[in-house]
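To find a chain, count down the sequence lines: A is the first, B the second, and so on, and within it residues start at 1.
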Amino acid sequence: MSDTTPTAARELSAQYQPAEVEQRLYEGWVAAGVFAADPASDKPPFAIVIPPPNVTGSLHIGHALDHTIQDSLIRRRRMQGYEALWLPGMDHAGIATQNVVERQLAASGQSRHDLGREEFVERVWQWKAESGGKILGQMRRLGDSVDWDRERFTMDEGLSRAVLTIFKRLFDDGLIYRAERIINWCVRCHTALSDIEVEHSDDDGELVSIRYGEGDRSIVVATTRAETMLGDTAVAVHPDDERYKHLVGTLVELPLTGRSIPIVADPHVDPAFGTGAVKVTPAHDPNDFEIGQRHSLPSLTIMDETGIITVHGPFEGLDRFEARPAVVAALRAEGRIVAEKRPYVHAVGHCSRCGTTVEPRLSLQWFVKTAPLARAAGDAVRDGRTRIEPPELAKRYFAWVDNMHDWCISRQLWWGHRIPVWYGPAGEVRCVGPDEEPPGEGWTQDNDVLDTWFSSALWPFSTLGWPADTPSLAKFYPTSVLVTGYDILFFWVARMMMFGLYAMEGRQPFDVVALHGMVRDQYGKKMSKSFGNVVDPLDWIERFGADATRFTLARGANPGADVPVSEEWCQGSRNFCNKLWNATRFALINGATVEGDLPSAAELSTVDRWILSRLADVTETVDRHFEAFELAKVCDVLYHFAWDDVCDWYVELAKPVLTGEDAAAAGRTRRVLGHVLDALLRLLHPVVPFVTEELRTALVPGGGSIVTAAWPAASPEARDTAAEAEVAGLQRVVTEVRRFRADQGLRPGQRVAARIDGLEGAGLSAHSVLIRSLARLDEPGDGFAATGTVAVGGGVEVALDTRGSIDVAAERARLTKDRAAAEKEIAQCRAKLDNPAFTEKAPAPVVGKIKERLAAAEADLARVSAQLAALAG
RNA sequence: GGGCGCGUAGCUCAGUGGGAGAGCACUCGCCUUACAAGCGAGGGGUCGCAGGUUCGAAACCUGCCGCGCCCA
């Protein structure tokens, strides 16, 4: 095992070096088993199943975002005392994986058919063992606190059993059927695709208008796919279209083919589009197929599985894209082209795996009848069993599940779950369940496999052991949250909902669906290889650390919204981690400790009570944002608390106490500092696990891993508004003096003699030493002579001896600006208060607040005016 | 064409009825011994446009303009 020596035993270097600690810590966590979830535990469950990445995939920035959110949620719940399960795994990615192995074979001049089905599948398993699942190692780099003992794969034995089980149930319930339908066909992958595996884009094409028939019995149709006219079996018009009423029921000659086809009336034709007449190719267009069904038209397939035309002499053997211009040329030669429009931009479907233009194709496929399943999936969200976050996105979910088409689940591949249906010698069809013997002699199994998403849809329960009644299933189902991108909502999520509700007797697969957006670049542009703006998360992890990478993503993770990132911002996150590192280093050098109880409020200084009050406020706010999946806000609050409150103010205010003569006071502040840092590190741990573990190990010797440390409890009793107000006053004095010094061009380090008046009246008399420390002011000595005065409000005045002439022009400019601001404020407040409608109708607290603002602004004006007058004199 | 969403500082984004904010970028001054991966100070916005509701609108309503996403 690697070196797990606590950092306390070493020196903290001046800079945080993530590369030196991340691997050691991660291996330590896994070895200690802190990520393991125990179904026998009596702690309340909290479970997340990971959206399974492809076995062919590697970690991209989108995964990094998705995982950062999940890990943050899981790590917090684990610290809160839940039995937290984050279950990892991969899917078998039927088409993608088969493509990878087929490419390997092609390199040696082979095809899968040379090997045969059994040997090919064996080869795919071999590929998986050797080079599949790269992403799992990369997830360790990111710090994912998944339970590795539970890693699952959609093709493993248990999950395959789940697939067979649910297939059989659906089949027996009549929810799976086989039919000849128009499906999306990829002519390169040689398989059917479901609707969601087709991506539409607006492409340049052509719109060609063709005249069918002759003379007053002719009719003009327009098409973007001229070659399909070879398969036309009708022309359709709207029944109410007066232009064509006389033609309905007649035959028209289809050019080039010598065939005559009927003109039919169908209400689905849009009479306003084009000529109002459409060609009907039932075998090559889904809408045309439906028209064909309604009018009992024949379906004529004109292409083979590779997109090659199979009919009509001169075109036979041409690819569909070669046939298109050839058909147009032939029609033009016959004088049948009425109009041509190029380019004509229209939506074209592409295979989401290989980008090839999808060909609608009539073929015999297996389908899931989705109507009843989708209804249940919608109802589970409608009645609140599952909550979608952010709620606005539920509308999209409903739009999808309430209009879902039947799902084509058969794929003409070898890699995947083979459809458990056997065909008998007399045409019998039998679905074989997981524990049944296949039928014997003379029967053959369906050649196709199931869509990968069919097995992914079972993920939330198949991974927990279903169909067996396992302790894990009992403990962790329904899972608590599903975290994924909104782009996945309408297919994968909807399908898990359908199958989960069906398999688990109406119990939803997850209580909450927390959606995030896509990672974009710093200008809000989509990342794309061609644009060259793709970020590799592993590159960032190496250069800035896993924590910085995670923090950058988490800080942009507003629910449902896209997440812009940039290298500069990741540097900023790295800097933040380094800031934590150095704050802890300072604390350790100065003896900060978490040992012993915190002194009571009565014993503590105002400043100590202030930072504890801020901590209480921050803890409560962080909890609230976590509950709402507002990770960006969690990060924002902690960033500012750590940097502004703790580092910029508390540490600076603690310095004079820690090095001062009052040993008891120093001891109390050491405890407060240790306590605050410890809580801060624990609050940050879910987002930045590595640096917080390393630092807390140093800060809390023998305290065990932060992974299993308790989540900081909200402590409303620590809120102290009086202390907060007092420190705000102190900060105002310090800031005003610093501003004066900067205006006067005094170097920050230069100490200046000064007399401070009016602290008592402002309730700040206890803080004179701190103010002098932070504003770098010395006590006035012999021969003190004030050369400049800063009136900071609240009656406090600081007279400084700058040992030289002050920059009157700079000071006048500053004061003039302040005077203008005060005058503007006064005018705005007076306008409101002089308006009787306001004073009568606005709530009393609002009116009171405006009066206070007016009084403060008037005091400011008086102060500034007096200083200006003094300057002039 | 239908649906959803967005438009706030140079960039990216918070802010959903009562003093316009953050990060980064920018300007000035600093190696002030935890941190230059830093410290201090500062500049910068007709809140897309036009109406309306209201004592009061960046926020609510209507219309328009521009952009994005999903579906057809």
Side-chain angles (χ1 to χ4, degrees), chain A residues 12-17 195 200 270 272-273 286-287 346-347 390 392-396 398-400 403 486-487 489-490 517-518 520-526 544-545 548 552 555-556 558 560-590 630 632-633 635-637 639-640 643-644 647-648 651-652 655 734-751 773-776 814 817 824-825 828-829 831-833 835-843 845-847 849-850 852-853 856-857:
Chain A
L12 281 189
S13 60
Q15 286 184 342
Y16 173 50
Q17 302 293 351
D195 292 349
H200 293 271
D270 178 5
F273 182 78
N287 294 322
H346 62 130
E392 305 93 83
L393 285 170
K395 284 180 219 161
R396 278 202 196 188
F398 292 133
W400 177 257
N403 299 289
Y486 59 70
D487 57 327
L489 173 66
F490 57 93
M518 310 290 108
R520 292 171 174 270
D521 75 8
Q522 60 188 308
Y523 305 108
K525 279 205 159 55
K526 216 175 223 173
F544 306 118
T552 303
R555 207 179 182 191
N558 292 116
D562 287 345
V563 181
V565 297
S566 82
E567 186 172 318
E568 284 171 351
W569 303 347
C570 192
Q571 270 176 34
S573 300
R574 187 260 324 252
N575 296 354
F576 176 59
C577 293
N578 192 52
K579 190 72 179 175
L580 295 172
W581 181 267
N582 273 293
T584 308
R585 191 158 83 106
F586 169 86
L588 290 172
I589 290 169
N590 287 280
E630 296 269 16
K633 287 175 183 164
C635 292
D636 191 61
V637 165
Y639 181 93
H640 284 108
W643 207 308
D644 300 350
C647 292
D648 287 350
V651 164
E652 294 305 324
K655 279 177 182 174
V734 171
T735 303
E736 284 298 323
V737 174
R738 283 173 174 170
R739 189 160 82 160
F740 176 83
R741 293 177 53 120
D743 285 346
Q744 291 301 310
L746 294 171
R747 276 180 290 106
Q750 185 183 333
R751 301 199 68 90
S773 164
L774 267 59
R776 311 220 166 245
R814 157 66 53 199
K817 201 177 163 180
K824 189 180 168 194
E825 176 80 350
Q828 283 179 345
C829 293
K832 289 191 183 217
L833 294 169
N835 180 356
F838 173 75
T839 48
E840 283 161 23
K841 294 193 179 179
V846 172
V847 177
K849 206 171 164 191
I850 298 293
E852 281 173 29
R853 277 171 55 192

Inter-nucleotide C1' distance (B:A58, B:C49), Å rounded: 14 Å

Just checking A:N578: base, sugar-phosphate only, or nothing, at a heavy-atom cut-off of under 4.0 Å? base

Per A:D636 side chain, nearest of listed nucleotides B:A22, B:C24, B:U12: B:A22

For B:A25 versus B:G38, give the span between their P atoms, rounded off to a whole number of Å. 9 Å

Side chain of A:N575, heavy atoms from C-beta onward: which of B:A37, B:G5, B:G18 has the nearest atom to it? B:A37

Once each nucleotide of nucleotides 67-72 of chain B is scored for protein heavy atoms under 4.0 Å, what B/S/- sequence comes out, 5' to 3'? --BSSS

Kindly indicate whether the side chain of A:R574 and the base of B:A37 share any N or O donor-acceptor pair separated by less than 3.5 Å? yes

Separation of B:C11 atom P from A:Y523 atom OH, nearest Å, is 10 Å

Partner of B:U16 under the Watson-Crick or G-U wobble criteria, both distances under 3.5 Å, comes out as none

Round to the nearest Å and state the distance from A:E392 atom CD to B:C6 atom C1'. 12 Å

With rounding to whole Å, what would you report as the distance between B:G7 and B:C13 at their C1' atoms? 12 Å

With respect to the side chain of A:A842, which nucleotide from B:G42, B:G18, B:A34 is positioned closest? B:G18

Heavy-atom nearest nucleotide on RNA chain B taken for A:D743 and for A:I850; more 5' hit belongs to A:I850

Under a 3.5 Å limit on both distances, the Watson-Crick or wobble mate of B:G66 is B:C6

Atom CD1 of A:I589 and atom C1' of B:A34 are separated, to the nearest Å, by 6 Å

Scan every strand shown for a Watson-Crick or G-U wobble partner of B:C47, both distances under 3.5 Å, and answer none if you come up empty. none

Considering only atom C1', compute the distance from B:C31 to B:A37 and round it to an integer number of Å. 14 Å

Under 4.0 Å between any heavy atoms, over every strand shown, what does A:R853 touch: base, sugar-phosphate, or nothing? Just pick one. base

What are the two closest non-hydrogen atoms of A:V563 and A:G556, and how far apart are they? CG2-O, 3.5 Å

A:M518 to A:D487 - nearest heavy-atom pair and separation: CE-OD1, 2.9 Å

Tell which nucleotide pairs with B:A41, taking only Watson-Crick or G-U wobble pairs whose two distances are both under 3.5 angstrom. B:U27

When you compare the side chain of A:C647 with that of A:F586, does any pair of heavy atoms fall below 4.5 Å? no

Considering non-hydrogen atoms only, spot the tightest contact between A:L774 and A:V734 and give its length. CB-CG1, 3.8 Å

Is any N or O donor-acceptor pair between the side chain of A:K579 and the base of B:C35 shorter than 3.5 Å? yes

Nearest of B:A34, B:G42, B:G38 to any side-chain atom of A:R739? B:G42

When both distances are under 3.5 Å in a Watson-Crick or G-U wobble arrangement, the nucleotide paired with B:C60 is B:G52

Euclidean distance, A:K832 NZ relative to A:R853 CZ, rounded to 0.5 Å: 6.5 Å

From CH2 of A:W643 over to C1' of B:C24, roughly how many Å is that when rounded to an integer? 12 Å

What is the distance, to the nearest angstrom, from the CD atom on A:E652 to the C1' atom on B:A41? 15 Å

Quick check: closest heavy atoms across A:C577 and A:A548, and the distance to 0.1 Å? SG-N, 4.2 Å

Taking CZ in A:R747 as the centre, count heavy atoms belonging to other residues, nucleotides or ligands within less than 6.0 Å. Is the count above 12? no

Separation of atom CG in A:N558 from atom P in B:G15, rounded to whole Å: 7 Å

What integer distance in Å separates A:M518:CE from B:G5:C1'? 14 Å

Could you check whether A:D648 gets within reach of a base, just the sugar-phosphate, or nothing at all, counting any heavy atom under 4.0 Å? sugar-phosphate

So what does A:R555 hit on the nucleic acid, given a heavy-atom distance under 4.0 Å: a base, only sugar-phosphate, or nothing? sugar-phosphate

Tell me what A:P564 touches on the nucleic acid: a base, only sugar-phosphate, or nothing, going by heavy atoms under 4.0 Å. sugar-phosphate

Note, A:I850 side chain near A:F838 side chain (heavy atom, < 4.5 Å): yes

Side chain proximity check, A:N558 to A:E630, heavy atoms < 4.5 angstrom: yes

Using atom C1' of each nucleotide, how far apart are B:C6 and B:U16 to the nearest Å? 15 Å

Side chain of A:F586: nearest nucleotide among B:C13, B:A34, B:C35? B:A34

Nucleotide nearest A:R738 (side chain, heavy atoms from C-beta), chosen from B:G40, B:A22, B:C55: B:G40

Identify whether any heavy atom of A:P836 sits under 4.0 Å from a base atom; if not, whether one sits that close to sugar-phosphate; answer base, sugar-phosphate or nothing. nothing

Can you check the A:F838 CZ to B:C55 P distance for me, whole Å? 12 Å

Looking at the side chain of A:Y639, which of B:A22, B:G23, B:C55 is the nearest nucleotide? B:G23

Taking the inter-plane angle between the rings of A:F576 and A:Y639 on a 0 to 90° scale, is it parallel (under 30°), tilted (30 to 60°) or perpendicular (over 60°)? tilted

Nearest-Å distance once atom P is located in both B:A14 and B:C60: 14 Å

Taking the side chain of A:E825 as heavy atoms from C-beta outward, which of B:G19, B:G18, B:A41 is closest to it? B:G19

Look at the side chain of A:R814 and decide which nucleotide, out of B:U12, B:G42, B:C35, has an atom nearest to it. B:G42

When you match A:A14 and A:D644 each to their closest nucleotide on RNA chain B, which lands nearer the 5' end? A:D644

Assign A:V651 to base, sugar-phosphate, or nothing according to its heavy-atom contacts below 4.0 angstrom with the strands shown. base

Could you give all pairs that pass the salt bridge (charged side-chain N to carboxylate O under 4.0 Å, His left out) test and reach residues 564-579 of chain A, with sequence neighbours left out? A:R543-A:E567

How is A:K655 classified with respect to the nucleic acid when contacts are heavy atoms under 4.0 Å: base, sugar-phosphate, or nothing? base

Sugar-phosphate only, base, or nothing, as touched by A:C647 at under 4.0 Å among non-hydrogen atoms: base

Base B:A37 to side chain A:Q15, donor-acceptor N/O within 3.5 Å cut-off: yes

Is it true that A:K849 and A:E852 make a salt bridge, defined as a side-chain N closer than 4.0 Å to a carboxylate O? no

Applying a 4.0 Å non-hydrogen cut-off, can you work out what A:T735 is touching in the nucleic acid: base, sugar-phosphate, or nothing? sugar-phosphate

Look at the side chain of A:V846 and decide which nucleotide, out of B:C55, B:A34, B:G18, has an atom nearest to it. B:G18

